[in-house]
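This report refers to the structure that appears directly beneath it.
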Amino acid sequence: MRLSSISYAFRDALRSLWRNKFMTIASIATVAISLLILGSAWLLVINSNYLAEVMESELEINVYLQDELPREEAEAMKDVFAALPGVFETTFIPREEGLKTLEDRFGDSTNLLEALGDKNPLPDVYRIKAVDAESVPEIARMAAELERVETVRYGQGMVEKLLSLTHWLRTAGLVIIAAIALAAIFLIATTIRLTVFARRREIGIMKLVGATNWYIRWPFFLEGMMIGFLGAAVAVAAIHIFYGKLTQNIALTISFLPVMKDTAVLYDIYKNLIIMGTALGALGSAISLRRFLKV
Amino acid sequence: MIQMFNVSKIYDEEVKVQALADINLHIRKGEFVFIVGPSGAGKSTLTRLMIREELPTKGQIMVDGRSLLRMKGREVPKLRRKIGFIFQDFRLLMERTIYENVAFAMEAIEMPRSEVKERVPAVLEMVGLKDKMSSYPHQLSGGQQQRVCIARAVVNDPRIIIADEPTGNLDPDTSWDIMKILQAINKRGTTIISATHDREMVDTLKRRVVALRDGHIVRDEERGGYDS
């Protein structure tokens with residue numbers, strides 16, 4: 001295709017975008033809305049994954065050993081725990097240290113040991129860190145079955161809840177996005193169909209003077225892609241502004257909540273949204289051209 | 001230039017409307033041929049077959065040595081670049097200027113812009129409309145619009161021009177202007193095929209006449225008249 005033909009195609013595409021202003025705006029808006037939802041859901045998933053990651057790194061399994069266990073036996077357990085699959089790190093906390101931590105928490109005026117009649121009621125504890133959140137329940141189960149272990153505690157349910165939330169978000173997001181993307185494709189197809197209809201005389205004459213099929217199709221394709229691209233651009237701009245504001249507010253008010261602020265990740269999402277929007281547009285025109293432009 | 005062998009065209013397989021039956025026609029390079037006959041005789045079908053807008057139900061058609069039946073879909077544009085088409089209703093694009101209407105035909109076959117800028121004014125000068133380049137079709141008379149249509153048909157220098165009732169909507173004087181232009185184009189070696197109802201024109205010009213009736217060729221005469 002010649003350079004001048006490409007410029008004709010651009011001219012014709014822009015011309016008909018302008019001629020069908022209202023349909024153009026409606027299609028751009030639909031693409032924008034669907035990609036806005038897609039982008040938001042995407043950010044939610046990324047953030048919940050990020051949250052899970054952060055929690056994972058802080059997540060520990062507390063293994064309480066049986067009372068009155070001789071120190072050597074207690075210390076020997078370290079290797080046993082370390083050998084469990086998925087274990088990242090084990091720390092031994094002797095009962096004296098546990099008591100001290102407890103005392104610190106109550107304030108230095110209290111003497112707990114005295115109050116308890118000089119008998120430390122605390123057991124020896126192992127803190128185990130897992131490689132990832134998913135292996136936590138399994139490690140806990142295996143540790144509980146070991147000899148000399150009294151009980152095992154970890155953020156029971158928290159990990160599972162977080163994981164299932166992420167999973168649910170992903171599924172629900174996908175369903176909604178698919179529905180709206182379909183609407184966007186349909187609207188773009190309708191817009192292109194109107195354009196084809198408005199230009200049927202031109203198309204007829206083009207065919208008679210020997211224009212190739214692709215020469216005839218290109219402007220319509222471009223038009224659909226421009227709609228998709230513009231819609232995506234609107235969505236990206238909106239997401240960028242709102243997400244920026246949101247992270248700022250979270251940092252000020254609920255600062256303990258970890259938020260994804262890696263710009264490389266954000267720009268990657270923006271880039272993908274733009275690509276998807278343009279692809280939606282191309283798909284919409286393709287459907288219309290197949291059905292309404294017999295060339 | 002154009003050869004038809006035993007060509008039949010039947011529309012609608014169930015009702016069987018026979019538009020053309022057993023047509024044998026040979027049009028040589030540089031000829032000027034009138035195709036006459038009452039409405040519904042098959043004139044339009046004949047022209048549509050020549051540009052492969054439709055395929056015949058039976059028979060073989062050759063244009064410029066190529067079989068239209070064996071031609072692939074993507075080769076059709078190449079065929080049509082050899083043929084210029086002139087319509088009774090002009091088919092100009094109303095929201096474009098005269099210049100753009102003619103340039104459009106060159107753009108469509110991807111001619112370089114510099115050539116478009118050079119050739120369009122030259123062709124418009126040939127049909128006597130160089131001063132109307134930036135006018136719109138509705139500002140022109142019927143005869144002028146038909147001249148724009150001719151300019152668009154010849155701008156890509158086709159070897160054949162097919163005209164479907166080119167003077168059908170025009171008064172006699174204007175019709176003569178159009179015919180003079182077509183004759184001038186024919187003199188340069190372009191084959192011209194014109195379907196027409198214009199009795200006076202056919203009788204005066206004394207060119208080859210192919211008469212159709214009910215889908216059959218009933219007369220094919222060199223230097224013929226509208227009626228035999």
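Worth knowing before you read on, the calculation uses all heavy atoms, side chains too, and leaves out hydrogens, waters and symmetry mates. First the proteins, then the strands, lettered A, B, ... as listed; each starts at 1. All of these numbers come straight from a predicted model, not from anything done at the bench.
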* To do: For atom OH of B:Tyr11, decide whether the heavy atoms of other residues, nucleotides or ligands shown that lie under 6.0 angstrom number more than 12.
  => yes

* Counting only heavy atoms not in A:His240, do more than 12 sit closer than 6.0 Å to its NE2 atom? -> no

* To do: Name the region of B:Ile162, side chain, backbone, both or neither, that has any atom closer than 4.5 Å to a heavy atom of chain A.
  => neither

* Asked: Rounded to the nearest 0.5 Å, what separation is found between the OH atom of A:Tyr8 and the CE atom of B:Met106?
  -> 8.5 Å

* Asked: Can you find a pair of side-chain heavy atoms, one from A:Arg15 and one from B:Glu95, that are under 4.5 Å apart?
  -> no

* Which value, rounded to the nearest 0.5 Å, describes the distance between B:Arg152 atom CZ and A:Ile205 atom CD1? -> 4.0 Å

* Between A:Ala211, A:Gly210, A:Ser7, A:Gly204, which has the largest tally of heavy atom pairs under 4.5 Å with chain B? -> A:Gly210

* More than 12 heavy atoms of other groups within 6.0 Å of A:Glu138 CD -> yes

* To do: For the pair B:Glu107 and A:Arg11, find out whether any cationic side-chain nitrogen is under 4.0 Å from an anionic carboxylate oxygen.
  => yes

* How many angstroms lie between CZ in B:Arg96 and CD in A:Glu202, if you round to the nearest 0.5 Å? -> 4.0 Å

* Structure fact -> Contact list (residues 47-86 of chain B to chain A, heavy-atom gap under 4.5 Å, by number) returns B:Ile51, B:Glu53, B:Pro77, B:Arg80, B:Arg81, B:Ile83, B:Phe85

* Verify the neighbour count for atom CZ of A:Phe229: are there more than 12 heavy atoms of other residues, nucleotides or ligands below 6.0 Å? => no

* Asked: Does atom NZ of A:Lys245 have more than 12 heavy-atom neighbours from other groups under 6.0 Å away?
  -> no

